[in-house]
Amino acid sequence: MERTQIKNISNKEIDSSFLISGWVEKVRDHGGVIFLDIRDASGLMQVVVEPDDKDLFKKSESIRMSYVLEVTGILRKRPKGTINESLASGELELVSKEIDILSKSKPLPFQLDEHAKVGEEVRLKYRYLDLRRPEMQSNLKIRSQVNHIVRSHLIEDEFIEIETPMMARATPEGARDFLVPSRLYNQKFYALTQSPQLFKQMLMIGGFEKYFQIVRCFRDEDTRKDRQPEFTQLDIELSFISEEEILKISESLIKRIFFETLNIEFDDFQRIKYQEAIKDYGSDKPDLRNPLKLVDVKDIFENSSFKVFADPAKNEKARIVALKIEQEISRNKIDEYTKFVGNFGAKGLAYIKVNDSTDLDNGLQSPILKFLSKEEISSLVERLELSSGDTVFFGADHRNVVNDSMGSLREKLGEDLNLIDKEAFKFGWITDFPLFEEDIQGNLSPSHHPFTASQGGLKELKRDPANAVAKAYDLILNGSEIGGGSLRINSLDEQLEVLSILGIDKKEADEKFGFFLEALSYGCPPHGGIAFGLDRLIMLLCKQESIRDVIAFPKTQSATCLLSDAPSLIDQDQLDMLSIKVLEEDK
RNA sequence: GGACCGGUAGUUCAGUUCUGGUUAGAACGCCGCCCUGUCACGGCGGAGGUCGCGGGUUCGAGCCCCGUCCGGUCCGCCA
């Protein structure tokens, strides 16, 4: 008899015979009758073992959880009063006639049922067991569905899926590379690609006008809950295209993914210029579900006698913001938040509690009140529209410190005070990024990557690189950056100029990516694209806290695989073949 | 590179500080017996612990101190 998947057993076929196979999820042995819950990839079915067949019954008494069985039996309706409403097959059961034990199982190291909490360490060590849990099955099914939607959507739109090398040459800039030693050329190494950036640009030069790829990327940087050393991008690039068109194409793809997986429809995504995002949220990837906004108050303190505010008020690279909470915050909590902003370089966290907004002389409470003038206080009350019960936090420092610390505090308060609708998906496009980022020392580095075109072109780039605006954009969702892209430089002169601003002269540029610079000089179409972090997107889609829950075999925070114990030591023979000598220990 | 939280039975945890003290507990799981309609079945009984590891303090350490490893969250980093 052929196997039938559990989901395909329907009411219509009562009294006929079926063969099902799967894992024993639960055994309920009542002495005189035994129930076995059998699960396959498609569903769950209750198998009944009745006592009339003595041999079968005896055999069944030895069956334990997680045994793999093949059961032949007659399908019947469950007796009245024994129907399980919470089960798809809850009105049915299979009365066993024959049971084959295909594989026994030791007791599992942890319970798979939804009621048992299990630590991630054990789950990762026995990932193959963890993957049997319905939640993991569902996450990876959705992931497969998303891949499928991406491919159909883009191929219907005449995109071409092209694979690019994973073993490439190391390039300067960007993240640390994972290196692959070359056996044939000792002393030489490949680098695993951090992204197919240059290859996809050369595909445009190669005449493919619409490219995409679902591609693994590698970056040797420390992990986070939404970052691990190998991750998957949906990479897209088009020629003869405008920023507007790329945003439209991306948006329709993302909307289709959410519609076909979760049946949710969205209005057009909100667009926010980078400078606006920083001004309102202190972040270029704000969680738009969070209603809190930063308010600039620098001008109020220009002539202040309070040094902590007065100094930044006079410094053009500094920023002073207020963050108003319409709630009272306890001293304990304020201390916690003070420590929290300290992580981002803030030297303290000034606050004012508004006990009675009608009495500015006695109704406010704060250690900084004695330093503030009446005019300053009433300006604050007016600008922040303070009312009784409010708490206001202040950040005053170099603008980077203020943006990082107060932006993060905004997110944390949103979480702590339950201001965020966990069910909602809030997308946004962040546009008009600066071409370069300036650190506190004033050094420039690419804010996207060094192949990004600027809005002002070569002239403006030469005149004022620090303020050049890029043709670059990010897609954000619920506080995560889930995609980012740009229009690319398609002229050799502009490309060389950007590299030189970054401190890479012509000689080094030729040495490190001369191949690409040469490609630019043989008729390069205007082009641009975007890359989405698929792991992150799917994590959010599946309402998971970590990308590890949407990756079948993820790495830990310290970049190891607990299942296979990678990375591992290598035999001397293998090292010799690669002409590699391993130093005894870290210096 | 740094900060913080955690590591006690197969699993999830309590016990750990203020206050070190005879035999380290619970629940689930596991094993045995009983049970003919359960579905997180039920009842009775039982087994199960290098308290992450190493060192120190002490008459005595799961508990205090130092170091270290592992897991997690974050800062730096991630063009």
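Reminder, nothing fancy here: chain letters follow the sequence lines and each chain counts from 1.
Residue pairs meeting the side-chain hydrogen bond (donor to acceptor under 3.5 Å, both in side chains) criterion with at least one partner in residues 109-119 of chain A, sequence neighbours excluded, do not occur; the list is empty.
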Study note, to complete from the structure: Contact string for nucleotides 67-78 of chain B, one letter per nucleotide 5' to 3', B = base within protein heavy-atom range under 4.0 Å, S = sugar-phosphate only, - = neither, reads ---SSBBBBBBB

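Between the CG atom of Leu129(A) and the P atom of G10(B) there is a distance of 17 Å, rounded to whole Å. In this structure, Leu87(A) atom CG and A40(B) atom C1' are separated by 13 Å, rounded to whole Å. Distance Phe110(A) CZ to U11(B) C1': 9 Å, rounded to the nearest Å. The NE2-P distance, from His30(A) to G43(B), rounds to 12 Å in whole Å. Computed from coordinates, the Leu44(A) CG to C39(B) P distance equals 14 Å when rounded to whole Å.
Dashed line: the shortest gap from a side-chain N or O of Lys26(A) to OP1 or OP2 of C41(B) is under 4.0 Å. For the pair Arg28(A) and C41(B), the criterion of a side-chain N or O lying under 4.0 Å from OP1 or OP2 is met.
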Report all interatomic pairs (protein N or O, nucleotide N or O of nucleotides 46-51 of chain B) with separations under 3.5 Å.
none

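When Watson-Crick and G-U wobble pairs are counted only if both distances are under 3.5 Å, U36(B) pairs with no nucleotide at all. Nucleotide C51(B): unpaired (no Watson-Crick or G-U wobble partner with both distances less than 3.5 Å). Pairing for G29(B) is absent, judged as Watson-Crick or G-U wobble with the two contacts each under 3.5 Å. Using N1 to N3 plus N6-O4 or O6-N4 for Watson-Crick, or N1-O2 and O6-N3 for G-U wobble, each under 3.5 Å, C4(B) pairs with G72(B). Using Watson-Crick or G-U wobble geometry with both donor-acceptor distances under 3.5 Å, A61(B) finds no partner in any strand shown.
In this structure Glu221(A) satisfies the salt bridge (Lys or Arg N to Asp or Glu O under 4.0 Å) test together with Arg176(A), sequence neighbours excluded. Partners of Phe18(A) by ring-ring contact (aromatic ring centres under 6.0 Å, His included), not counting sequence neighbours: none found. Partners of Lys77(A) under the side-chain contact (heavy atoms from CB on, under 4.5 Å) rule, at least two apart in sequence or in another chain, are Asn11(A), Ile14(A).
Note on Pro109(A): only backbone sugar-phosphate atoms sit closer than 4.0 angstrom, heavy atoms only; bases stay farther off.
A donor-acceptor contact under 3.5 Å is not formed by the side chain of Glu50(A) with the base of U36(B).
Contact record, Pro446(A) with Leu502(A): CD-CD2, 3.5 Å, taken as the closest heavy-atom pair. The two residues Ile278(A) and Ser283(A) come nearest to each other via the heavy atoms CD1-C, 3.8 Å. Pro286(A) approaches Arg410(A) most closely through the heavy-atom pair CB-NH1, 4.1 Å.
G48(B) and G55(B) have their P atoms separated by 27 Å, with the value rounded to a whole Å.
Salt bridge absent: Lys471(A) and Glu243(A) never bring a charged side-chain N and a carboxylate O closer than 4.0 Å.
The aromatic rings of Phe433(A) and Tyr274(A) lie tilted to each other, with the angle between the two planes from 30° to 60°. Note: Tyr128(A) and Tyr126(A) have perpendicular aromatic rings, judged against thresholds of 30 and 60 degrees for the angle between ring planes.
The side chain of Arg78(A) lies closest to C39(B) when the candidates are G37(B), C39(B), G29(B).
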